[in-house]
Structure formats: C-alpha cells, structure tokens
Amino acid sequence: MKTRARFSSLGFVVAAAGSAIGLGNIWKFPYITYANDGGSFVIVYLIAIALIGLPIMLAEILVGRRTQQSPVTAFLHFAKDVPGGKVWSGVGYLGVATGLVILSYYAVVAGWTVYYFGKCLSWSFGGFSDEIAANLGSDFGAFLGNGPVQILFHGLFMAVTVGVVASGIKGGIERVTKLLMPILMTILLLLCIVSVFSPGFGEAIRFLFHVGPIHTEAILEAVGHAFFTLSLGMGALITYGSYLGKEQSIPRDAFLITLLDTVIALMACVVMFSIIFAVPAAERAGTFTKSATILFTTLPRMFYDLPGGVIIAPVFYLLVAFAALTSTISLLEVVASFFIDKLGWGRKKAALVAGSTIFGFGVLAALSLGANSALTNWAPFGQRDAGVFGVLDYFASNWMLPVGGLMTALFVGWVLDAKLTRAELEEGHGAFKFFGLWRFLLRFVCPVAICWIIVAVIGGRAFN
Ligand code: PFF
C-alpha cells in the first residue's frame with residue numbers, strides 16, 4: 001500500500017494558516033467590520049472564533065488525522081462503527097461540492113488582485129493622475145464587464161493553483177506556502193508600521209476597539225464569517241489533517257492557526273482603516289462606500305495620496321494575491337483529494353480534472369459581472385444575490401458552510417465515541433486539559449449557534 005504524503009512539522013501549520021488567511025481576512029473582514037461599525041463587532045467576532053471556530057477546527061483536523069483520508073473516504077472510514085453508517089459520507093460529498101463552488105468564484109476575485117497588481121505597477125511607473133483617480137469606479141465597472149479579461153485572469157489564477165496542487169503535498173503545497181506565508185506576513189507587518197505614521201492611525205485604532213451597541217445582525221455575520229475565514233465547514237482541514245503526522249499536537253496546531261488568522265485579520269484592518277481615516281470625514285462620507293469593491297475602487301487613490309504610495313500600492317495587491325493563492329490551493333486540494341482517495345486517480349490527473357471543471361464554473365461566474373446579461377441577471381434567490389457569482393457566493397456562505405459545519409460538529413460531538421476523540425487529540429500532545437470544555441462547545445454551543453444562522457437564512461438574512 002502507498003504511504004500517505006506527510007507535511008513536515010511546521011508545514012501543516014503554515015499550509016493550514018495559508019488556507020485560513022485569504023481574501024476573507026484582507027478583503028472581507030475589514031469591510032464587514034466597517035459596515036458593522038467596528039468595535040463591538042470585533043469583540044463578537046473574537047468570541048465566535050474562540051467558542052465556535054476553534055472547536056470545529058479541532059474536530060476537522062481530528063477526523064482527518066485519525067482516518068488519514070480526505071472528507072468522503074474519512075466519513076466512510078467510520079461507517080461500520082457508527083449509527084447512520086455510510087450516510088455520514090454525505091458530509092464529505094457536501095464538502096467537495098462546497099470546495100468546487102467556492103473556488104469557482106474565489107479564483108475570479110483572486111484574478112482581480114493580480115490585475116490590480118499589474119495596474120498599480122503601471123501607475124507607479126507611469127504616474128497616477130487626477131483623471132485616473134476620478135475614473136477608478138467606472139474603470140472597475142468596465143473591467144468587471146470585460147468577459148475575456150475576466151476569464152483570462154481567472155484562468156491564470158486557476159492554472160497556478162493546479163500547478164501547485166499537482167506538484168504534491170511536500171513538493172507543491174508545503175513548498176509554496178512556506179515561501180509565500182513569510183513574505184505575506186513581512187509585507188503586512190511593514191504596511192502596519194507605515195500605518196502607524198498615517199494621520200488616520202489613531203482614529204483607526206479607536207474605531208477598531210471602541211465599545212458600542214451591537215445588533216443581532218452583526219452577531220450573525222460574525223459567526224458566519226468565522227467559518228469562512230477559518231476554512232471550516234467544507235473539510236479543508238479534514239483534508240490537510242490527513243497529511244498530519246501522529247507526533248504532532250492537534251490542539252497546539254489548531255490554536256496557532258486560529259491565532260495567526262485572527263492577528264492577520266486585525267492587522268489588515270489597521271492598515272485599511274489607517275488609510276481610510278486619513279481622509280477627512282466630510283470627504284470620506286461622499287466617496288467611501290461600504291460596498292465590497294472599495295479594495296479596487298477607492299483604495300488605489302488613497303494609496304497614491306500617501307508618501308511612498310508608489311511602492312505601497314503594488315506591494316499591497318501582491319500581498320492579497322499571495323494570500324488568495326494559499327487559500328485557492330487548499331480549496332482545490334479538497335476536490336482533487338476526493339478523486340485521489342475515492343477514485344484512485346493519480347495526483348496530476350486529479351488536479352487537472354478538478355481544476356478544469358472549476359475553471360469552467362468560474363467562467364460562468366466571471367461572465368456574470370456584466371459581460372453576459374443572462375448570467376448577470378439570473379436571480380433564483382432574489383435580486384440581492386443576482387448573477388451566477390452572487391448566487392454561488394450566497395449558496396456557499398449561507399447554506400453549504402453552515403450545514404457542513406453543523407454536521408461535522410454533530411458527528412464528532414455526538415456520533416464519535418468520546419474515548420476515540422480524546423485519544424486522537426491527546427496523541428502527540430499529552431493530556432488535553434480542555435477536552436471537557438471542547439466537547440461541550442462542540443455538542444451544544446456550536447450546533448445551537450449554527451442552527452440560529454440557518455434559521456436566520458431561512459428568514460431571509462444573507463451573509464456575503
Ligand atoms: N479562509 C479563506 C479566506 O478567509 O479567504 C477562504 C476559504 C479557503 C474558505 C479554503 C474555505 C476553504 F476551504
């Protein structure tokens with residue numbers, strides 16, 4: 001029998017942190033924090049990460065390492081010993097489908113970061129005029145509506161992702177994440193240091209940590225984002241956990257991954273808000289919208305207003321592209337490892353077939369931003385989530401991730417034997433002091449919180 005590939009000791013933490021740290025941290029978290037008025041939202045988010053995210057992360061890694069299998073075959077591994085048997089493999093299939101859906105539109109946005117990296121390079125060398133600044137919004141709209149360009153950058157990003165996954169766990173995923181993650185952290189740290197000198201820094205910190213009223217909506221959004229940002233609910237960490245050695249401590253690694261993800265999200269907020277708050281309030285109100293596209297429509301102008309902006313701007317988009325790549329790799333690995341573990345395919349073929357299929361779906365998403373009117377106007381869930389892009393995002397964030405997370409929590413908390421879960425968490429770690437607390441959170445707190453989200457979604461709430 002072939003022995004399973006293994007991450008080296010630090011390789012797992014770096015790769016899993018790479019999966020967690022992505023567009024969700026640098027793009028989505030700052031704008032939902034801004035939209036929810038900072039402060040209290042951040043506190044609620046931190047609580048959601050600790051009480052819901054971390055316990056489910058432990059559960060996913062545990063299942064992966066125990067079975068040494070990716071999600072579908074991992075759940076099948078337990079089939080003969082648990083009530084429900086093979087039915088639980090449905091959770092694995094859901095994970096594979098979720099990976100496919102998320103990567104289809106995630107790689108489109110990732111492509112934008114590469115495009116804007118190139119744009120910034122040209123602005124930095126060729127000059128960033130007032131006219132360019134005035135047209136950022138309309139240029140972004142035109143870019144979205146340009147089908148061939150959207151497909152090109154989406155395809156480029158998918159090709160690189162396929163290349164990395166096809167090169168294997170150690171030679172591909174571990175090597176690339178070990179190279180990119182330190183660069184990403186260094187860039188972000190430098191940007192943070194630059195932010196300290198920005199006139200907006202003080203207000204940014206105040207905004208981020210002030211305590212104000214909190215709305216139910218914000219709590220729901222924080223819990224929903226906890227899943228997305230930690231790559232939970234679709235078996236990405238089951239998959240990565242299946243390449244983890246028995247001598248490694250799961251509790252320690254999960255804690256480190258969660259900590260890194262959270263610190264990076266907060267650092268991204270400091271950088272973004274320092275830039276945003278450097279603009280006088282009156283001006284800001286008119287130009288800075290709460291919309292998700294500020295990264296491309298507003299931020300470039302703010303960058304070029306800063307001293308050193310010609311360097312900061314391209315470096316920033318490079319950072320976002322790197323962060324996205326270490327996440328797209330893990331999304332593709334979930335789908336590819338299904339073909340490898342369940343169907344016995346070779347890695348290269350699996351990566352190529354999975355990547356091409358996802359590229360195909362992504363083309364539909366890429367053309368639904370204005371290029372094709374039928375795809376753009378398709379709205380099975382209402383106008384708010386119109387277009388293939390919006391529909392995929394709505395479906396993945398609102399249904400697929402929460403349901404996947406709920407099922408994983410129920411399976412590990414209620415179906416798997418406590419002796420087994422304890423043994424796995426203690427292997428390579430020693431006595432796990434928080435086992436009782438972890439199991440309580442997984443059995444009661446996580447399911448209740450997730451059901452609350454699902455009920456809210458049924459009631460018409462949408463998180464994306
Ligand atoms: N955690 C990633 C982010 O915050 O951008 C997104 C993601 C990656 C979600 C991998 C799910 C996943 F399996």
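In listed order, ligands and their atoms are each counted from 1. For this chain, numbers begin at 1 and follow the sequence in order.
Partner of Q150 under the side chain to side chain contact (heavy atoms under 4.5 Å, CB included) criterion, chosen from Y115, W112, F389: W112.
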Please tabulate protein-ligand N/O pairs under 3.5 Å for ligand 1, atom names and distances to 0.1 Å.
unit_1	atom_1	unit_2	atom_2	d
ligand 1	1 (N)	S19	O	3.2
ligand 1	1 (N)	A20	O	3.0
ligand 1	1 (N)	F228	O	2.8
ligand 1	1 (N)	T229	O	3.1
ligand 1	1 (N)	S231	OG	3.1
ligand 1	4 (O)	A20	O	3.0
ligand 1	4 (O)	G24	N	3.4
ligand 1	4 (O)	N25	OD1	3.4
ligand 1	5 (O)	L23	N	3.1
ligand 1	5 (O)	G24	N	2.8
ligand 1	5 (O)	Y106	OH	2.5

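Minimum heavy-atom separation, K178 to S8: NZ-OG, 3.1 Å.
Using a distance-only test at 3.5 Å, with no hydrogens or angles considered, a donor-acceptor pair links the side chain of T177 to the main chain of E174.
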Run the numbers on F411 and F78 for ring-ring contact (aromatic ring centres under 6.0 Å, His included), then give the verdict. CA-CA 10 Å; F411 181 78; F78 294 114; 5.6 Å; yes

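Side-chain rings of W345 and F339 approach one another, their centers coming within less than 6.0 Å.
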Can you give me every donor-acceptor pair (side chain of residues 162-170, partner residue at least two apart or in another chain, under 3.5 Å) with its distance?
unit_1	atom_1	unit_2	atom_2	d
S167	OG	G163	O	2.7

